[in-house]
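Shown next, in structure tokens, is the structure this report addresses.
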Number of protein chains: 2
Amino acid sequence: MSLKYALLGLLAERPDSGYALTQRFEQSLQKYAWHANHSQIYPELAKLAADNLATVVEEGARGRRTYAITDAGREALREWLLTSGAGPRRVRNEAVLRTFLLSTLEPDDAAQLLRRYVDRAAQDLAELRAVVADLDAAEEAGEPQRFGRFAAEFGLRQYAAFHDWARWALARVESAAPRQQSREQGREQDLQE
Amino acid sequence: MSLKYALLGLLAERPDSGYALTQRFEQSLQKYAWHANHSQIYPELAKLAADNLATVVEEGARGRRTYAITDAGREALREWLLTSGAGPRRVRNEAVLRTFLLSTLEPDDAAQLLRRYVDRAAQDLAELRAVVADLDAAEEAGEPQRFGRFAAEFGLRQYAAFHDWARWALARVESAAPRQQSREQGREQDLQE
DNA sequence: GCGTTCATGTAAATGGTTACATGATTCC
DNA sequence: GGAATCATGTAACCATTTACATGAACGC
């Protein structure tokens, strides 16, 4: 069900082809909200058109078909947003799963992984800050964008929180096993026979 | 693939039955990391046993079968955690999707929803803080828990970030359309002219 | 004895991924 | 003319959800 509304949401911002929507998915939604690839998107667009929630408004080169949201589509989207918030919050996020399970590792393995996470979060943060700076500059210049800026800010705060958490977790893991983090392996003392 | 490792991870903490694992899924993983229900978990456990990554270590009342992770299972889990971090980070999170799409609504609708989100995040935060306090108290008393504390701290920081984001978004939406929000709640003081 | 919780499963349908397939257009 | 990109689709497979199904044990 969610894919349907994700597409309606993207179309509510502006009309686009399946190809373009696939790209917008990759850019704005994939990392935080929802993922889908083209083989799912094309049939779903056909379904939206069949249900009169979207229509083909243009046929261009290379069989390109541009879809636009209809009034019925906009209403369906609004309805879903305003009413559907109550249910259970189910999440699937493999990266987070990995971080949770990391506490099942030996402290040295866990610390090694956490260091990688901290580094990568820092990188992600730097990239997003650049994106946000661009968006803000564009806004200064007059454009009214909304969707992208919200998403970027969300990502920014999420990554910052993750970065902080990973450093907190690393400190905990290191203080739990403050032995040798000098050599990376060489664990000799753990045969407590 | 992820379900397999999620189960191995839970079993790495302690042996449990399919029934108990279903509950642990609901408590610790569902909200942030991964979701699965019993009809998926039972067959997957059978598969783990067939692959010798887990074994039945006890058969109790009511057909209860307790599974434990094997050495091979522990090694498979470690392998996955240490090597699989590179791929694309795909996320499915309906709640976040809804927050992103909210910027397609009329400002008044969006503001109304955001207020709900702010309130709920505050509630979630309060609940988690209580959980964390309990965990920390148990730790003071000697128990060495690891998994649950990491997850709880993660949730805490995540909800805090979401709460902040929602308030930021609300301020933006309200300043974009500062018309009539006088009724509906009773907030009079926010025209800080 | 009756209701609740414990406990496990299977089947049908839906949702999602990966692989296969095709061809037009653009840029060089 | 050849490579890259644009553009759409289908099919087979795997993952997940929902619904159906059963019965033992426990608390009262």
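The figures that follow rest on heavy atoms only: side chains count, while hydrogens, waters and symmetry mates do not.
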**Message:** For A/E13, is there an ion pair with A/R24 - N to carboxylate O distance below 4.0 angstrom?
**Reply:**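 Yes, A/R24 and A/E13 are salt-bridged.
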
**Prompt:** Looking at B/R89 and A/D124, does any basic side-chain N land under 4.0 Å from a carboxylate oxygen?
**Reply:**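 Yes.
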
Distance in angstrom units between [X] [atom1] and [N] [atom2], rounded:
{"X": "A/R90", "N": "D/dA15", "atom1": "CZ", "atom2": "P", "result": "18 Å"}
{"X": "A/K4", "N": "C/dG16", "atom1": "NZ", "atom2": "P", "result": "13 Å"}
{"X": "B/R24", "N": "C/dA7", "atom1": "CZ", "atom2": "C1'", "result": "17 Å"}
{"X": "B/L21", "N": "C/dA7", "atom1": "CG", "atom2": "P", "result": "11 Å"}
{"X": "B/I41", "N": "C/dC6", "atom1": "CD1", "atom2": "C1'", "result": "15 Å"}
{"X": "B/H38", "N": "D/dT17", "atom1": "NE2", "atom2": "P", "result": "12 Å"}
{"X": "B/E58", "N": "C/dC6", "atom1": "CD", "atom2": "P", "result": "17 Å"}
{"X": "A/K47", "N": "D/dT10", "atom1": "NZ", "atom2": "P", "result": "13 Å"}

Where the side chain of [X] is concerned, which of [options] is the nearest nucleotide?
{"X": "A/R62", "options": "D/dT16, D/dA7, D/dT17", "value": "D/dA7"}
{"X": "B/Y42", "options": "C/dA7, D/dA7, C/dT25", "value": "C/dA7"}
{"X": "B/Q23", "options": "D/dG9, D/dT18, C/dC6", "value": "C/dC6"}
{"X": "B/N37", "options": "D/dC26, C/dT18, D/dT18", "value": "D/dT18"}
{"X": "A/Q40", "options": "D/dT17, C/dT17, D/dA25", "value": "C/dT17"}

Tell me whether the side-chain N/O atoms of [X] come closer than 4.0 Å to OP1 or OP2 in [N].
{"X": "B/Y19", "N": "C/dC6", "result": "yes"}
{"X": "A/R64", "N": "D/dA7", "result": "yes"}
{"X": "A/R92", "N": "D/dT16", "result": "yes"}
{"X": "A/R65", "N": "D/dG9", "result": "yes"}

**Message:** Does the plane of the ring in A/W168 sit parallel, tilted or perpendicular to the ring in A/W165? Use 30° and 60° as the thresholds.
**Reply:**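 The rings of A/W168 and A/W165 sit tilted, inter-plane angle from 30° to 60°.
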
**Asked** Relative to each other, are the rings of B/W80 and B/Y5 parallel, tilted or perpendicular (30° and 60° limits)?
**Response** parallel

**Prompt:** Any link between A/V91 and B/F150 through a network of hydrophobic side chains (Ile, Leu, Val, Met, Phe, Trp, Tyr) touching at under 4.5 Å?
**Reply:** no

**Fill in**
Taking for B/A61 and for B/S2 the nucleotide of DNA chain D with the nearest heavy atom, the one nearer the 5' end belongs to B/S2

**Message:** I'd like to know if A/S17 reaches the base of D/dT8 with its side chain such that a donor and an acceptor end up less than 3.5 angstrom apart.
**Reply:** no

**Message:** Please classify the nucleic acid contact of B/H35 as base, sugar-phosphate, or nothing, using heavy-atom distances under 4.0 Å.
**Reply:**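 Contact class for B/H35: sugar-phosphate only.
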
